[in-house]
Enquirer: 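Next up is a structure, given as structure tokens.
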Amino acid sequence: MASKPGILTDWPWKPLGSFKYIILAPWITGSIYSVIVKDAKQWDVFNLAILPLMLWRILHSQLWISLSRYRTAKGTNRIVDKGIEFDQVDRERNWDDQILFNAILFYLGNKYFPGGSHIPIWRTDGVIITMLLHVGPVEFLYYWFHRALHHHYLYSRYHSHHHSSIVTEPITSVTHPFAEHIVYFALFSLPVSTVVFFGTGSIIAIAGYITYIDLMNNMGHCNFELIPNWVFSIFPPLKYIMYTPSFHSLHHTQFRTNYSLFMPIYDYIYGTMDKSSDTLYEISLQRKEETPNVVHLMHLTTPESIYHLRVGFPYLASKPYSSAWYLWLLWPVTLWFMMLTRIYRRTFVVERNRFHQLRLQTWAIPNFREQYHLKWQKESINNMIEEAVLEAEEKGASVLSLGLMNQGKELNRYGEVYVKKHPQLNVKLVDGSSLAVAVLLNSIPKGTTQVLLRGNLTKVAFAVAFSLCQKGIQVTVLREDEYEKLDKSLGTKSGGKLVISKSYSSCKVWLVGDDLTEKEQRKANKGTLFIPFSQFPLKNLRKDCFYHTTPAMQTPKALENVDSCENWLPRRVMSVWRIAGILHALEGWEEHECGYTISNIDKVWEACLKHGFQPLTVPTQSKS
């Protein structure tokens, strides 16, 4: 939002929210009806092309979003080193409003503008005229309109909204108040309306011109340099008629230079060219891939989780993961991505963060949660994890946190197999179990005398049971097989605090894992607090009970470039398995934390608090 919002700041359909596309229903219905009732020779091809053109523009922009976020996470050719935060994602979430606006005006123009219907597919003269009109009037008028927008009156009421994003993303290019977009459409429609009015327009000319505008807009805001210098070496005058991402990036950091649309010639003519443009261009081209200090390894959970990655849909990634019905409409794309993950069997960078002097990266392995339960997938998954470990070693990372890779002893003995196979590893493998235990112990309300432990017994579950028994808290188990495993592991160390019971009503605090059934959950007493010790959340079936998140903590403000949620966790909340790797690097601990090793829980907890990570509020406390 601009600092002093002027009139026509908000889009007219803002109250409709996610249902804004219903506005197009009458026109789309009319197009379908014309296809049904009219002969093919009578079809208005331009009318029928408006919806596909709109969808193409959305897809085109999304491809740029994913590419930009992937490249800036890796660091290669990155221009501005700073990160973005949730406020920018929220501000830019309605980037598709201008596409909807343009579609409405195209439908209206098709019906009411002279020559707007039954436009031919191709006319060479119309294409040439469109190009000339853009190079001449459009670029010139935009330059001066843009300079006018930087006058304090218009800037404070309109253009400051766009410039709130110092670090740009492709969709920053279209994040403007409604009033600005009215002027932009009038300006960019000059070539199109001219050729249509004089009967030289064509569908290819219109679609090509719009695609050109989108391409240059997205490229100019992508925050990584991709135009090689040999292009300008071959044809030096090109620098006057084609800008680069670094050229426009300077406009967002310096504000008073580089006003041109796509052709810098007017900045050269009127003396507003930033003197550091060439230097920044060269520096950006030479920037190498960033080497991380800490790598967090994760995998996809469900097929739809692809869209919730940071390199997926920005707004979905900025919210805790939840299944959305409209994602089912994308099942062909989802299926294609699933096939791609079967072919591309390597990790890829999805996120970068900075915490003090530490460079953090998150790598994703192209596997889904269900694949980890298939025995025939075990070898393939372990090979990919091993390759990621060796890659982190090669890049000089000091710590690799296994995160969701730590699926249990059946897969890789909590990461121990990699340490034994590569005993000379410098990168320390951390499974985060010690911090998970510490967080779980501090999530149990004070004064609790007994807890119920139920679920698939993991390394964390054994350690929590041991610690609770040592603290004099009774640990109740419902199943005999679970009791036998715990009793065998703890022995006399349980101090008689490990008991088996058939009653579900004896405890008000449940520590639960993946194996808890819905039937068992419904047997809990009213007011029961469920605390998951697994990495995956419990399904909330009971409105009369309390549900804690999976083990996680609130991150300190010093953690930079946080603009997406980690799976199902709230904003700026990080899983302990990810935090553990950061702590390991900050404290300089030299040992691996994997296999059946548990670090000193009190030491890990104190280090966590020392570095600014804060425990989450227990649900019973917040509701009371």
Enquirer: Judged by atom type as modelled, is there a donor-acceptor pair below 3.5 Å linking the side chain of T334 to the main-chain atoms of L330?
Expert: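 Yes, T334 side chain to L330 backbone: donor-acceptor pair under 3.5 Å.
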Enquirer: Looking at D97 and K20, is there a salt bridge between them, counting it only when a charged N and a carboxylate O are closer than 4.0 Å?
Expert: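 Counted as a salt bridge, because a side-chain N and a carboxylate O are separated by less than 4.0 Å.
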Enquirer: Can you list the steps and then say if V439 with M553 is a side-chain contact (heavy atoms from CB on, under 4.5 Å)?
Expert: CA-CA 8 Å; V439 169; M553 300 187 78; 3.9 Å; yes
Enquirer: When you compare the side chains of E593 and S434, does any donor N or O come within less than 3.5 Å of an acceptor on the partner?
Expert: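 Yes, a side-chain donor-acceptor pair sits under 3.5 Å.
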Enquirer: Kindly give the heavy-atom pair with the smallest separation between F536 and T301, and that separation in Å.
Expert: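 Between these two residues, the closest heavy atoms are CE2-CG2, 4.0 Å.
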Enquirer: Before you tell me yes or no, could you show the steps for N367 and L300 under side-chain contact (heavy atoms from CB on, under 4.5 Å), namely the whole-Å CA-CA distance, both residues' side-chain angles and the distance that decides it to 0.1 Å?
Expert: CA-CA 6 Å; N367 282 107; L300 302 167; over 6 Å; no
Enquirer: Is any side-chain heavy atom of T458 less than 4.5 Å from a side-chain heavy atom of S534?
Expert: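 In short, these two side chains do not touch, never coming nearer than 4.5 Å.
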Enquirer: If the condition is salt bridge (charged side-chain N to carboxylate O under 4.0 Å, His left out), which residues does D515 pass it with, not counting sequence neighbours?
Expert: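 So D515 forms a salt bridge (charged side-chain N to carboxylate O under 4.0 Å, His left out) with R454, R479.
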Enquirer: Would a distance-only check, ignoring hydrogens and angles, find a side-chain to backbone donor-acceptor pair under 3.5 Å from S467 to A463?
Expert: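 Yes, S467 side chain to A463 backbone: donor-acceptor pair under 3.5 Å.
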Enquirer: Does the side chain of I166 come within less than 4.5 Å of Q88's, by heavy atoms?
Expert: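 Not in contact.
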Enquirer: Could you tell me which residues satisfy side-chain hydrogen bond (donor to acceptor under 3.5 Å, both in side chains) with K421, sequence neighbours excluded, listed by chain and number?
Expert: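 Checked K421 against side-chain hydrogen bond (donor to acceptor under 3.5 Å, both in side chains); matches are E386.
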Enquirer: Between E566 and S575, does any side-chain donor sit less than 3.5 Å from a side-chain acceptor?
Expert: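 There is such a pair (donor and acceptor under 3.5 Å, judged by atom type) between the side chains of E566 and S575.
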Enquirer: Relative to each other, are the rings of W589 and H584 parallel, tilted or perpendicular (30° and 60° limits)?
Expert: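 Judged by the thresholds at 30° and 60°, the geometry between W589 and H584 is perpendicular.
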Enquirer: My understanding is that only residues two or more places apart in sequence, or in another chain, count here; which of them pass side-chain contact (heavy atoms from CB on, under 4.5 Å) with H221?
Expert: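 With sequence neighbours excluded, H221 shows a side-chain contact (heavy atoms from CB on, under 4.5 Å) to H162, T168, T172, S173, N217, H248, H252, given in chain and number order.
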Enquirer: If the condition is side-chain hydrogen bond (donor to acceptor under 3.5 Å, both in side chains), which residues does T549 pass it with, not counting sequence neighbours?
Expert: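 Result, side-chain hydrogen bond (donor to acceptor under 3.5 Å, both in side chains) vs T549: none returned.
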Enquirer: How about Y414 and Y596: are their ring centroids closer than 6.0 Å?
Expert: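 Yes: the rings meet the under 6.0 Å criterion.
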Enquirer: Applying side-chain contact (heavy atoms from CB on, under 4.5 Å), run through V512 and L453 and close with a yes or a no.
Expert: CA-CA 6 Å; V512 296; L453 184 65; over 6 Å; no
Enquirer: Just by distance, with hydrogens left out, do E169 and S165 show a side-chain donor and acceptor under 3.5 Å apart?
Expert: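 No - no donor-acceptor pair under 3.5 Å links their side chains.
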Enquirer: To check you understand the geometry: which heavy-atom pair defines the closest contact between L226 and C222, and what is its length?
Expert: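 For L226 versus C222, the nearest heavy atoms are CD2-SG, 4.3 Å.
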Enquirer: Just wondering, more than 12 heavy atoms not from K603 lying within 6.0 Å of its NZ?
Expert: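 More than 12 heavy atoms, drawn from other residues, nucleotides or ligands, come within 6.0 Å of this atom.
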Enquirer: Main chain of G581, side chain of S401: is a donor-acceptor contact present, judged purely on distance under 3.5 Å?
Expert: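 Absent.
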Enquirer: Could you give the distance from CG (D431) to CD1 (I598), rounded to the nearest 0.5 Å?
Expert: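 So the gap between those two atoms works out to 6.5 Å.
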Enquirer: Determine yes or no for a side-chain-to-main-chain donor-acceptor pair under 3.5 angstrom, with K459 supplying the side chain and T597 the backbone.
Expert: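 Side chain of K459 to backbone of T597: a pair is present.
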Enquirer: Show, in sequence, the C-alpha distance, side-chain angles and deciding distance for R91 and T175, and conclude whether the side chain to side chain donor-acceptor pair (under 3.5 Å) test is met.
Expert: CA-CA 8 Å; R91 187 171 60 251; T175 304; over 6 Å; no
Enquirer: Atom CD1 of I381 and atom NE2 of H299: how far apart are they, to the nearest 0.5 Å?
Expert: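 One finds 8.0 Å between CD1 of I381 and NE2 of H299.
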Enquirer: Backbone N or O of S318 within a donor-acceptor pair of the R571 side chain at under 3.5 Å?
Expert: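 Checked: pair present.
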Enquirer: Test of understanding: with salt bridge (charged side-chain N to carboxylate O under 4.0 Å, His left out), list the residues that count as partners of E225, not counting sequence neighbours.
Expert: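 Applying salt bridge (charged side-chain N to carboxylate O under 4.0 Å, His left out) to E225 gives none.
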Enquirer: ring-ring contact (aromatic ring centres under 6.0 Å, His included) between F355 and F613: does it pass, once the steps are laid out?
Expert: CA-CA 12 Å; F355 187 53; F613 293 92; 5.6 Å; yes
Enquirer: With sequence neighbours excluded, what pairs up with E92 under the salt bridge (charged side-chain N to carboxylate O under 4.0 Å, His left out) test?
Expert: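 Residues passing salt bridge (charged side-chain N to carboxylate O under 4.0 Å, His left out) with E92: none at all.
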Enquirer: Are W568 and T550 close enough that a side-chain donor and a side-chain acceptor fall under 3.5 Å?
Expert: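 Present: a donor and an acceptor within the cut-off.
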Enquirer: Just by modelled atom types, is the Q377 backbone N or O under 3.5 Å from a matching donor or acceptor in the S380 side chain?
Expert: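 Checking the backbone N and O of Q377 against the side chain of S380, no donor-acceptor pair under 3.5 Å is found.
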Enquirer: Can you tell me if N223 and R78 form a side-chain donor-acceptor pair at under 3.5 Å?
Expert: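 Judged by distance alone, the side chains do not pair up.
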Enquirer: Considering only residues two or more places apart or on different chains, which pairs with a residue in residues 350-359 satisfy salt bridge (Lys or Arg N to Asp or Glu O under 4.0 Å)?
Expert: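 Sorted result for residues 350-359: E290-R354, E351-R578.
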Enquirer: Before we go on, tell me: are the rings of Y307 and Y321 under 6.0 Å apart, centre to centre?
Expert: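 Distance test on ring centres: not under 6.0 Å, no.
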Enquirer: Which donor-acceptor pairs under 3.5 Å do side chains of residues 423-430 form with protein atoms, sequence neighbours excluded?
Expert:
unit_1: N426; atom_1: ND2; unit_2: E393; atom_2: OE2; d: 3.4
unit_1: K428; atom_1: NZ; unit_2: E590; atom_2: O; d: 3.1

Enquirer: Answer yes or no: are there more than 12 heavy-atom neighbours, outside R346 itself, under 6.0 Å from its atom CZ?
Expert: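 Result for CZ/R346: open.
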Enquirer: Looking only at heavy atoms, which two atoms of P532 and P551 are closest? And how far apart?
Expert: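 Residues P532 and P551, closest heavy atoms: O-CD, 3.4 Å.
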Enquirer: Please list, chain by chain and in numerical order, all residues satisfying side-chain contact (heavy atoms from CB on, under 4.5 Å) with R542, sequence neighbours excluded.
Expert: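 Partners of R542 under the side-chain contact (heavy atoms from CB on, under 4.5 Å) test: Q521, A524, D544, C545, Y547.
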Enquirer: Looking at residues at least two apart in the chain, or sitting in another chain, which of them share a salt bridge (charged side-chain N to carboxylate O under 4.0 Å, His left out) with K82?
Expert: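 None.
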Enquirer: Kindly write out the residues that satisfy side-chain hydrogen bond (donor to acceptor under 3.5 Å, both in side chains) with E85, not counting sequence neighbours, or none if the list is empty.
Expert: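 Scan of E85 (side-chain hydrogen bond (donor to acceptor under 3.5 Å, both in side chains), adjacent residues dropped) gives R572.
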Enquirer: Test Y21 against L16 for side-chain contact (heavy atoms from CB on, under 4.5 Å), laying out the working first.
Expert: CA-CA 9 Å; Y21 281 96; L16 295 178; over 6 Å; no
Enquirer: Ion pair present between D96 and R57, side-chain N to carboxylate O less than 4.0 angstrom?
Expert: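 No salt bridge links D96 with R57.
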Enquirer: Can you tell me how far apart CG (L358) and CD (E560) are? Round to the nearest 0.5 Å.
Expert: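 The distance works out to 11.5 Å.
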Enquirer: Under the 3.5 angstrom rule, does the side chain of K288 hit a backbone N or O of N77 as a donor-acceptor pair?
Expert: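 No: the side chain of K288 does not pair with the backbone of N77.
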Enquirer: Can you sort out the partners of S398 under side-chain hydrogen bond (donor to acceptor under 3.5 Å, both in side chains), two or more places apart, ordered by chain and number?
Expert: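 Once residues adjacent in sequence are excluded, S398 has no partner under the side-chain hydrogen bond (donor to acceptor under 3.5 Å, both in side chains) criterion.
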Enquirer: Please confirm whether the backbone N or O of N561 pairs with a side-chain atom of N353, one donor and one acceptor, at under 3.5 Å?
Expert: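 Here the side-chain-to-backbone pair exists.
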Enquirer: Does OH in Y344 sit with more than 12 non-hydrogen atoms of other residues, nucleotides or ligands closer than 6.0 Å?
Expert: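 Yes, OH of Y344 has more than 12 neighbouring heavy atoms, counting only those of other groups under 6.0 Å.
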Enquirer: Is the charged tip of R93 near the ring of Y315: under 6.0 Å from the six-membered ring centre and within 45° of its axis?
Expert: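 Because its charged atom sits under 6.0 Å from the ring centre and within 45° of the axis, R93 does stack over Y315.
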Enquirer: Under 4.0 Å between a side-chain nitrogen and a carboxylate oxygen: does that hold for K610 and E587?
Expert: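 Looking at K610 and E587, the cut-off is met.
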Enquirer: Taking S66 for the side chain and Q62 for the main chain, is one N or O donor matched with an acceptor at less than 3.5 Å?
Expert: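 Yes, S66 side chain to Q62 backbone: donor-acceptor pair under 3.5 Å.
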Enquirer: Given 3.5 Å as the limit, does a donor-acceptor pair link the side chain of S68 with the main chain of W64, or not?
Expert: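 Pair absent, no side-chain N/O of S68 close to backbone of W64.
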